[in-house]
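Comments concern the structure below.
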Amino acid sequence: MKLKNLFLVLIAVAAMVSCKSQYEILLNSNDVKLKYDAAFKYFDEGKYAKAASLFESLSVMTNGTERDDTVRYYWGLSNYNYRDFYTAETNFDKFIELYPQSPFTSDARYLRLDCLYRSTLRYELDQTPTYKAIDEISQYILEYPETEHMQVCRDMLLDLNERLDRKAYESARLYYRMEDYLASRVALRNVLKDDSENIYREDILYLIAMSSYKYASLSIPSKQRERYLTFVDDYYNFIGEIPESHYRRELDNVYRKAQKALGRDVAEDTETSGMTERDFAKERRKVIREGKKSEK
């Protein structure tokens, strides 16, 4: 029984060696037709790594011939299907440069963008590939407004821009989590200065207000009034823009605490939900005037 098992193992090993040798022979062959047919056979069988190596080898042999665009396109497509997106993008980019009129060029342009998109990194990591993908996809949309891939391209752009928004938001929020509230407010305001349409705008405005309140509450008494007034201004900015926010109740409570710290009658400010935009502006001016009087 042991001899039989050993015999079967030897047969399997011999078969593997034979198969490997056959592939190596193909890879080193100068027979263009043989290698061309074998490359497509491996491609059709889903053996994309082997197909890619054969097409790469073929590209030297078919350079300048009528088969060259086919070989180069399928070289890129093999790498794409093998999920080697970096190499595939490089291949497609070179292909487009060499064969702008090829029947494969339209697909190559889109697949290159898909490679760039798939090569981007999580928001926590370096976003240089994300910026490159956004630039290339945006340019593609401008040049090919009738493309059948328009919706997919728009979805890719949406995802990539949301990733950048989160990167900016999380980087600024880190200061808040570290309890460095002055740096937190500055960093969060800079996020909106750079991109007022950031998808985390509501959260950012909320954290700006909370940062200014906590910074004021932790300050020495001589600095608190001025800093509470900064919070009041941030509070009115928030509720003036997003009056129905789920953060509203918390901010209203904090606002009443700030008013109490400022020595104002808390009762008159317990309800702000019914204020108009004009009321907000009037109230902000009133608080600022009081701040200036106290400073004098």
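These figures come from a predicted structure and were not determined experimentally.
The two residues Ser59 and Val71 have their closest heavy-atom pair at N-CG1, 3.7 Å. When all heavy atoms of Leu160 and Ile134 are compared, the pair lying nearest together is CB-CG1, 3.7 Å. Leu142 approaches Pro145 most closely through the heavy-atom pair O-CD, 3.6 Å. Minimum interatomic distance between Ser119 and Cys115 (heavy atoms only, all atoms of both residues): OG-O, 2.8 Å. Contact between Glu97 and Pro100 at its shortest, heavy atoms only, is O-CD, 3.8 Å. Residues Ile137 and Leu113 come closest through the heavy atom pair N-CD2, 4.0 Å.
For the residue pair Asp84/Thr87, the side-chain donor-acceptor check at 3.5 Å is satisfied. Between the side chains of Tyr206 and Ser245, no donor N or O sits under 3.5 Å from an acceptor N or O. Between the side chains of Tyr176 and Arg185, no donor N or O sits under 3.5 Å from an acceptor N or O. In this model, no donor atom of one side chain and acceptor atom of the other lie less than 3.5 Å apart for Asn91 and Tyr80. Judged purely by distance below 3.5 Å, without hydrogens or angles, the side chains of Asn79 and Tyr86 never pair a donor atom with an acceptor atom. If you check the side chains of Asn237 and Glu241, you find no donor sitting under 3.5 Å from an acceptor. Using modelled atom types and a 3.5 Å distance limit, the side chains of Asp31 and Ser29 yield no donor-acceptor pair. Checked by atom type, the side-chain pair Asn198/Arg201 shows no donor-acceptor distance below 3.5 Å.
Atom NZ of Lys94 sits in a sparse spot, with 12 or fewer heavy atoms from other residues, nucleotides or ligands closer than 6.0 Å. At most 12 non-hydrogen atoms from other residues, nucleotides or ligands lie less than 6.0 angstrom from CD of Glu66. More than 12 heavy-atom neighbours from other residues, nucleotides or ligands sit within 6.0 angstrom of CD on Glu143. Summarising the local packing, OH of Tyr82 is surrounded by 12 or fewer heavy atoms from other residues, nucleotides or ligands at distances under 6.0 Å. Atom OH of Tyr175 has 12 or fewer heavy atoms from other residues, nucleotides or ligands within 6.0 Å. The environment of CZ in Arg189 is sparse: at most 12 heavy-atom neighbours from other residues, nucleotides or ligands sit within 6.0 Å.
Between Arg256 and Asp252 there is no salt bridge, since none of the side-chain N atoms of the basic residue sits less than 4.0 Å from a carboxylate O of the acidic one. With respect to Asp37 and Lys33, a salt bridge is recorded, a charged nitrogen being found less than 4.0 Å from a carboxylate O. Between Lys41 and Glu45 there is a salt bridge, since at least one side-chain N of the basic residue sits less than 4.0 Å from a carboxylate O of the acidic one.
Here the side chain of Asp93 pairs no donor or acceptor atom with the backbone of Glu89 at under 3.5 angstrom. No donor-acceptor pair under 3.5 Å is formed between the side chain of Arg109 and the backbone N or O of Ile96. For Thr105 (side chain) and Ser102 (main-chain N/O), a donor-acceptor pair under 3.5 Å exists by modelled atom type. Using modelled atom types, one side-chain atom of Gln127 and one backbone atom of Arg122 make a donor-acceptor pair closer than 3.5 Å. Under a 3.5 Å cut-off, the side chain of Thr65 and the backbone N or O of Thr62 do form a donor-acceptor pair. One N or O on the side chain of Lys35 and one on the backbone of Leu27 form a donor-acceptor pair closer than 3.5 Å. At distances below 3.5 Å, not a single donor-acceptor pair connects side-chain atoms of Lys193 with backbone N or O atoms of Leu188.
Between Phe43 and Tyr74, the distance from one ring center to the other falls under 6.0 angstrom.
With rounding to the nearest 0.5 Å, the separation of CG in Asp203 from CD1 in Ile208 is 11.0 Å. A distance of 15.5 Å separates OH of Tyr235 from OH of Tyr228, quoted to the nearest 0.5 Å. The CZ atom of Arg163 sits 8.0 Å away from atom CG of Leu121, with the distance rounded to the nearest 0.5 Å. Interatomic distance, Lys47 NZ to Ser78 OG, rounded to the nearest 0.5 Å: 13.5 Å. In this structure, Asp155 CG and Asp159 CG are separated by 9.0 Å, a value rounded to the nearest 0.5 Å. Atoms CG and CG, from Leu164 and Asp194 in turn, are 12.0 Å apart once rounded to the nearest 0.5 Å.
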Using side chain to side chain donor-acceptor pair (under 3.5 Å), reason through Ser212 and Arg227 one step at a time and then give a plain yes or no. CA-CA 7 Å; Ser212 58; Arg227 293 170 183 177; over 6 Å; no

In sequence, state the C-alpha distance, the side-chain angles, and the governing distance for Met210 and Glu250, and then conclude on side chain to side chain contact (heavy atoms under 4.5 Å, CB included). CA-CA 10 Å; Met210 290 302 297; Glu250 180 184 0; 3.9 Å; yes

For the pair Glu202 and Phe238, evaluate side chain to side chain contact (heavy atoms under 4.5 Å, CB included) and give the outcome as yes or no after the intermediate values. CA-CA 8 Å; Glu202 180 178 353; Phe238 183 92; 4.2 Å; yes

CA sep, side-chain torsions, deciding dist, call: Arg83, Tyr48, side chain to side chain donor-acceptor pair (under 3.5 Å): CA-CA 9 Å; Arg83 303 186 69 79; Tyr48 300 118; over 6 Å; no

Starting from the C-alpha separation in whole Å, work towards a yes-or-no answer on side chain to side chain donor-acceptor pair (under 3.5 Å) for Tyr213 and Lys257. CA-CA 9 Å; Tyr213 173 77; Lys257 291 178 182 178; 5.1 Å; no

Carefully, step by step, assess Arg72 and Asp69 under the rule side chain to side chain contact (heavy atoms under 4.5 Å, CB included). CA-CA 5 Å; Arg72 287 183 177 275; Asp69 66 327; 5.9 Å; no

Verdict with supporting geometry, Arg248 and Glu244, salt bridge (Lys or Arg N to Asp or Glu O under 4.0 Å): CA-CA 7 Å; Arg248 179 64 186 273; Glu244 303 300 324; 5.9 Å; no

Hey, mind stepping through Gln259 and Tyr255 against side chain to side chain donor-acceptor pair (under 3.5 Å) and telling me if it holds? CA-CA 6 Å; Gln259 292 291 66; Tyr255 171 74; 2.9 Å; yes

Residues Asp114, Val152; criterion side chain to side chain contact (heavy atoms under 4.5 Å, CB included); working and verdict: CA-CA 9 Å; Asp114 196 43; Val152 176; 5.7 Å; no

What verdict does the salt bridge (Lys or Arg N to Asp or Glu O under 4.0 Å) test give for Glu136 and Arg112, after you've listed the backbone C-alpha separation in whole Å, the side-chain angles of each residue and the deciding distance to 0.1 Å? CA-CA 9 Å; Glu136 295 292 338; Arg112 176 177 174 258; 3.2 Å; yes

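Met61 and Leu34 are members of different hydrophobic clusters when ILVMFWY side chains are connected at heavy-atom separations under 4.5 Å.
Partner His149 forms a ring pair (Phe, Tyr, Trp, His ring centres under 6.0 Å) with one of Tyr110, Tyr117, Tyr144 and no other, that one being Tyr110. Exactly one of Tyr23, Tyr42, Trp75 qualifies for a side-chain contact (heavy atoms from CB on, under 4.5 Å) with Ser53. That residue is Tyr23.
A cation-pi contact links Arg67 to Tyr36, judged by a cut-off of 6.0 Å to the six-membered ring centre and 45° from its axis.
Ring geometry, Tyr73 versus Phe95: the interplanar angle falls from 30° to 60°, so the pair is classed tilted.
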